Amino acid sequence: MELYASIKHPFEMRLTRAQAEKVYEKYAAPHHDDKYGVYRPHAIESLMIELKVFDYLDEYAKESGVKTRTRDIMQSGKP
């Protein structure tokens, strides 16, 4: 059976600068030594780009030990 997907209203996640800064401070800053002040502005700008936000959120979740996949959540036995 041949099928095709027609995505008419894809989900796009956009963070404001304030939201991106909060995410960075809570999840990224504890794991990144930004002694030169280069990573923080780069990460915040990237968190505001809808094509990159999920990649950065996934990276920060892994570093923080946060489960992000349904499979992982189901295996852990916790919602």
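Just so it is clear, the model here is predicted, and its values are computed rather than measured.
For H31, the ring-ring contact (aromatic ring centres under 6.0 Å, His included) test picks out no residue, with sequence neighbours left out. Applying the salt bridge (Lys or Arg N to Asp or Glu O under 4.0 Å) rule to E45 yields the partners R17; only residues at least two apart in sequence or on another chain are considered. With sequence neighbours left out, the side chain to side chain donor-acceptor pair (under 3.5 Å) criterion links E25 to R40. In this view, Y27 satisfies the side chain to side chain donor-acceptor pair (under 3.5 Å) rule with no residue, not counting sequence neighbours.
Under a hydrophobic clustering in which Ile, Leu, Val, Met, Phe, Trp and Tyr are joined whenever their side-chain heavy atoms come within less than 4.5 Å, directly or via other members, M13 and M48 fall into the same cluster.
Using bins of under 30°, 30° to 60° and over 60° for the plane-to-plane angle, the ring pair Y24/Y39 lands in the tilted bin.
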Taking distance alone, no hydrogens or angles, what donor-acceptor pairs closer than 3.5 Å link side-chain atoms of residues 49-56 to residues at least two apart or in another chain?
residue: E50; atom: OE1; partner: R14; partner atom: NE; Å: 2.7
residue: Y56; atom: OH; partner: H42; partner atom: NE2; Å: 2.7

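Considering OH of Y60 and CG of D58, their distance stands at 11.5 Å, rounded to 0.5 Å.
Between L47 and L57 the shortest side-chain heavy-atom distance falls below 4.5 Å.
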